Amino acid sequence: QLHQDQVTALPPSAQLLASSARCPHEIFAIGDRVLAIQGHPEFPVAACADLVQTRVDAGVIDPVLGRAALDSLRVDTPPEPDDPANPLRSLCRAFLETAAGDRATAAASASAA
């Protein structure tokens, strides 16, 4: 995790869903309309590695931290964003389906009135 900009305090009524030692507010929700994700779950592993290496080469990221990040990608390789087994994909899909279902229910109620 190499977040240089991150949420330092949760907004009012936000529910924390995930955290880590380096990023205490990784994922949070506000009701059933807002899902905030600190990282970039849409990035394939190769894109993450390229981004880290580019920033290390440019001197933006400390080389020791960059090496640790690259090593973690090799050891703890997460599923790719489009992998159905990706738990973050499942979380996002469930959140969106809930929000879509709520909108459909509200639209049906409005048209019945």
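None of these values were measured; they are calculated from a predicted model.
Nearest heavy-atom pair, Val52 versus Gly66, reported as atom, atom and distance to 0.1 Å: CG1-O, 3.7 Å. The nearest pair of heavy atoms linking Pro24 to Ser19 is O-CB, 3.0 Å. The nearest pair of heavy atoms linking Gln53 to Leu70 is OE1-CD1, 3.2 Å.
Clustering of Ile, Leu, Val, Met, Phe, Trp and Tyr by side-chain heavy atoms under 4.5 Å joins Ile30 with Val7, Leu10, Leu16, Phe28, Val34.
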